[in-house]
Amino acid sequence: MTVLAARLRPRWDLATGRIATLAGALVGKIGRGLPGIGGPLLVAFGLWLAWAPLGFIFAGLALWALDRRV
C-alpha cells in the first residue's frame with residue numbers, strides 16, 4: 001500500500017495545487033469587485049430605511065452610473 005501511495009503522491013500534489021490556484025483566482029476576482037458593489041447597496045439600503053422610494057431611486061442611479069462606466 002505504501003508503494004502505491006508514494007506513486008500517487010506527486011499527482012495528488014499537482015492536482016491540489018492546480019485546484020488551489022484556480023480557487024485563489026476566483027476568490028481574488030470576487031474580492032476586488034465586492035466593495036464597489038457593496039458600498040452603493042449599503043447606501044441604498046440606508047436611504048430606503050429613511051424613505052422607501054428614495055432607496056430605489058438611489059439604487060437605479062447607481063446602476064446607471066455602473067452601466068455607464070462599463
Practice problem: Could you pull out all residues at least two apart from Arg9 that satisfy salt bridge (charged side-chain N to carboxylate O under 4.0 Å, His left out)? | Solution: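 Arg9: salt bridge (charged side-chain N to carboxylate O under 4.0 Å, His left out) contacts with Asp13.
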Using the side-chain contact (heavy atoms from CB on, under 4.5 Å) criterion, which residues pair with [X]? Sequence neighbours excluded.
| X | value |
| --- | --- |
| Phe45 | Trp48, Leu49 |
| Trp51 | Pro53, Leu54 |
| Leu61 | Ile57, Trp64 |
| Ala59 | Ala44 |

Quiz item: If you group Ile, Leu, Val, Met, Phe, Trp and Tyr whenever their side-chain heavy atoms sit less than 4.5 Å apart, what else falls in with Ile19?
Solution: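 Grouped by the 4.5 Å side-chain rule, Ile19 forms a cluster of one, so the answer is none.
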Quiz item: Rounded to the nearest 0.5 Å, how far does CG of Leu26 lie from OG1 of Thr21?
Solution: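 Those atoms lie 11.0 Å apart.
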